[in-house]
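Single-structure report; data block below.
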Amino acid sequence: MLDTNLLRNDLDNVAARLAIKKFNFNKELFLGLEEQRKTLQIKMEELQAKRNSASKQIGILKSKGEDTSVIMAEVAGLGEELKNAEAEFNDVATQLNNYLATVPNLPDESVPVGLDETANVEVRRVGVPRDFDFQVKDHVDLGVDLDRGVDFEAGAKVAGSRFAFLRGKIAKLHRALAQFMLNLHTEEHGYTEIYSPYMANAKALFGTGQLPKFEEDLFKTKRGDDDMYLIPTSEVSVTNMAAGDLYKEDELPFKFACHSPCFRSEAGAYGRDTKGLIRMHQFDKVEMVNIAHPDKSFEALEQMVQCAENVLKALKLPYRVITLCGGDMGFGAAKTYDLEVWVPSQNTYREISSCSNMTDFQARRIQARFKDANGKNRLVHTLNGSGLAVGRALVAVIENYQNADGSITVPEVLRPYMGCDIIK
RNA sequence: GGAGAAAUGGCCGAGAGGUCGAAGGCACUCCCCUGCUAAGGGAGCAUGCGCCCAAAAGCGCAUCGAGGGUUCGAAUCCCUCUUUCUCCGCCA
């Protein structure tokens with residue numbers, strides 16, 4: 001949610017910045033509703049003030065034992081009038097809020113302008129893709145050949161397309177990756193480990209911005225009469241821990257790391273990445289979430305990217321860092337860096353992490369604040385980033401560490417977790 | 001699943017239809033006192049929103065778990081829901 005004062009006072013500038021995110025702000029709609037809101041709110045509040053003062057008078061007269069019939073007569077009928085005024089106001093306020101809930105966050109000044117991924121800017125490249133002296137296989141062939149370590153047929157039987165089973169050493173490698181990442185962040189990067197619910201209510205999903213606009217991307221279920229959703233990322237559950245909180249300034253920042261499964265319907269992705277583990281309905285991710293001081297959030301974003309990079313560096317996987325352009329950024333993000341890992345079978349880099357500063361966009365929705373030195377309550381900034389997507393990390397390790405005989409060398413840092421140095 | 005109790009400001013906790021946005025305490029901020037180790041005195045201290053507006057001040061509205069209702073008037077009465085706690089049952 002954007003600051004409504006910013007919209008009222010600097011509308012043209014806001015609209016121009018939203019255009020960078022491919023959002024066409026409806027100025028006429030907003031201004032029209034805003035004008036009605038103002039009129040109706042004033043009218044309603046005047047009636048309320050009238051009622052309040054009359055009631056107060058009645059109270060005073062009664063306590064003195066005096067007659068109240070005159071003032072009671074004055075106030076007759078006010079209730080009905082007030083009820084109507086409130087209904088009118090609520091109607092317009094709801095329309096206004098519903099529209100504002102669909103408006104994305106503003107991009108930071110430093111974000112490159114552009115409509116799609118072709119305008120993204122590569123920041124750096126780390127590591128050199130390995131030269132294979134044999135024909136590389138993809139992770140599906142490698143995995144299947146290793147005692148059905150990756151099994152899509154079983155996944156399809158049980159749950160349908162875009163689900164898979166992992167088995168044996170591949171399943172263990174997957175677990176090792178998650179363990180390693182979580183340990184790295186908690187032991188080296190100062191993150192606090194979190195275990196979170198895997199379902200969230202509609203309010204939480206609104207808080208982080210998945211609702212109301214992106215419901216079709218979610219798996220929805222019921223709890224009694226209430227809608228519940230499987231989390232598409234633990235960004236949702238972990239960020240919403242801060243909902244309604246008021247922190248002391250020196251408590252900030254909070255840095256949370258959470259390993260969780262993520263559930264995405266991938267509606268609109270039919271035909272894309274249909275082979276392999278790249279795009280699944282369920283995948284694991286180690287997520288980093290920061291609840292940060294607003295003056296330090298962009299600094300925190302750089303640090304978070306470093307933390308994600310450290311995972312790839314430790315695994316010795318070649319990757320590059322991309323700054324997303326405005327048009328390619330997510331709904332709530334003010335700035336996003338993607339990390340892309342080298343995938344030999346596709347001869348390209350594929351996204352394995354996305355780190356974003358959401359500034360106060362989510363904080364305003366969830367009312368997460370802190371008290372500053374002057375005693376003013378200010379919204380915190382929230383950040384989140386993958387550190388990393390475990391399924392895609394598995395793909396990258398399998399493919400980058402493959403040997404001519406179809407075996408997979410275990411990256412050094414994972415050996416303590418695996419208890420072996422080769423999978424064959 | 002059954003029975004009961006509760007939900008108030010950053011925290012604890014009073015308030016049981018009228019001048020209550022809410023006593024008191026803790027925490028916090030400022031001042032005074034005191035040369036010393038969470039000692040004393042004083043003052044301040046909820047949030048959101050609107051109007052006005054350069055801004056401040058000011059005025060107003062809303063908020064005592066959430067949503068409805070009764071009433072001229074609701075933290076207080078009624079209904080629904082949510083959450084927490086206690087006891088019983090069940091259970092990974």
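Proteins get letters first, then strands, A, B, ... in listed order; numbering begins at 1 in each. What's counted below: heavy atoms across the whole structure, side chains too, no hydrogens, waters or symmetry copies.
The C1' atoms of B:rC61 and B:rG21 are separated by 13 Å, rounded to the nearest whole Å. Separation of the P atoms belonging to B:rG24 and B:rC53 is 38 Å when rounded to the nearest angstrom. Remark: the separation of the C1' atoms in B:rG50 and B:rG44 is 26 Å, to the nearest Å. B:rC20 and B:rA75 are spaced 12 Å apart, taking the P atom of each and rounding to whole Å. One C1' atom belongs to B:rC79, the other to B:rU71, and the distance between them is 16 Å to the nearest Å. With P as the reference atom, B:rU76 and B:rU37 are 47 Å apart, rounded to whole Å. For B:rG73 and B:rG58, the P atoms lie 30 Å apart once the distance is rounded to whole Å. Comparing the C1' positions of B:rU34 and B:rG40 gives a spacing of 8 Å, expressed to the nearest Å.
Within the nucleic acid shown, A:R364 has no heavy atom closer than 4.0 Å to any nucleic acid atom. Note on A:D226: nothing from the nucleic acid sits closer than 4.0 angstrom, heavy atoms only. When heavy atoms are screened at a 4.0 angstrom cut-off, A:L246 is found touching the sugar-phosphate backbone but no base atom. When heavy atoms are screened at a 4.0 angstrom cut-off, A:A49 is found touching the sugar-phosphate backbone but no base atom.
For the pairing with A:Y229, the side chain to side chain contact (heavy atoms under 4.5 Å, CB included) check across A:L211, A:V236, A:T221 returns one residue only, A:L211.
In RNA chain B, runs of at least 3 stacked Watson-Crick or G-U pairs (N1-N3 plus N6-O4 or O6-N4, or N1-O2 plus O6-N3, all under 3.5 Å) give these stems: B:1-7 with B:82-88, B:10-12 with B:24-26, B:28-32 with B:40-44, B:46-51 with B:58-63, B:65-69 with B:77-81.
Residues that satisfy the ring pair (Phe, Tyr, Trp, His ring centres under 6.0 Å) test with A:Y319, not counting sequence neighbours, are absent from this structure. In terms of the ring pair (Phe, Tyr, Trp, His ring centres under 6.0 Å) criterion, residue partners of A:Y198 (sequence neighbours excluded) are, by chain and number, A:Y195. Not counting sequence neighbours, the partners of A:Q346 by the side-chain contact (heavy atoms from CB on, under 4.5 Å) test are A:I278, A:V343, A:T348, A:R350. A search for side-chain contact (heavy atoms from CB on, under 4.5 Å) contacts involving A:L11 returns A:L7, A:F25, A:K27, A:F30, A:L31, not counting sequence neighbours.
When the nearest nucleotides of RNA chain B are assigned to A:V75 and A:N377 by heavy-atom distance, the more 5′-ward of the two goes with A:N377. In terms of position on RNA chain B, the residue among A:N52 and A:T4 whose nearest nucleotide sits closer to the 5' end is A:T4.
Listed for the A:H259 side chain is no donor-acceptor partner under 3.5 Å among the backbone atoms of A:L182. A:R364 places no side-chain N or O within donor-acceptor distance of the main-chain N or O of A:L379, the cut-off being under 3.5 Å.
Residue-environment remark: NZ (A:K371) exceeds the threshold of 12 foreign heavy atoms within 6.0 Å. Counting non-hydrogen atoms of other residues, nucleotides and ligands closer than 6.0 Å to NZ of A:K313 gives a total above 12.
Counting 5' to 3', RNA chain B first comes under 4.0 angstrom of a heavy atom of chain A and last does so at the ends given by B:rG10 to B:rU83.
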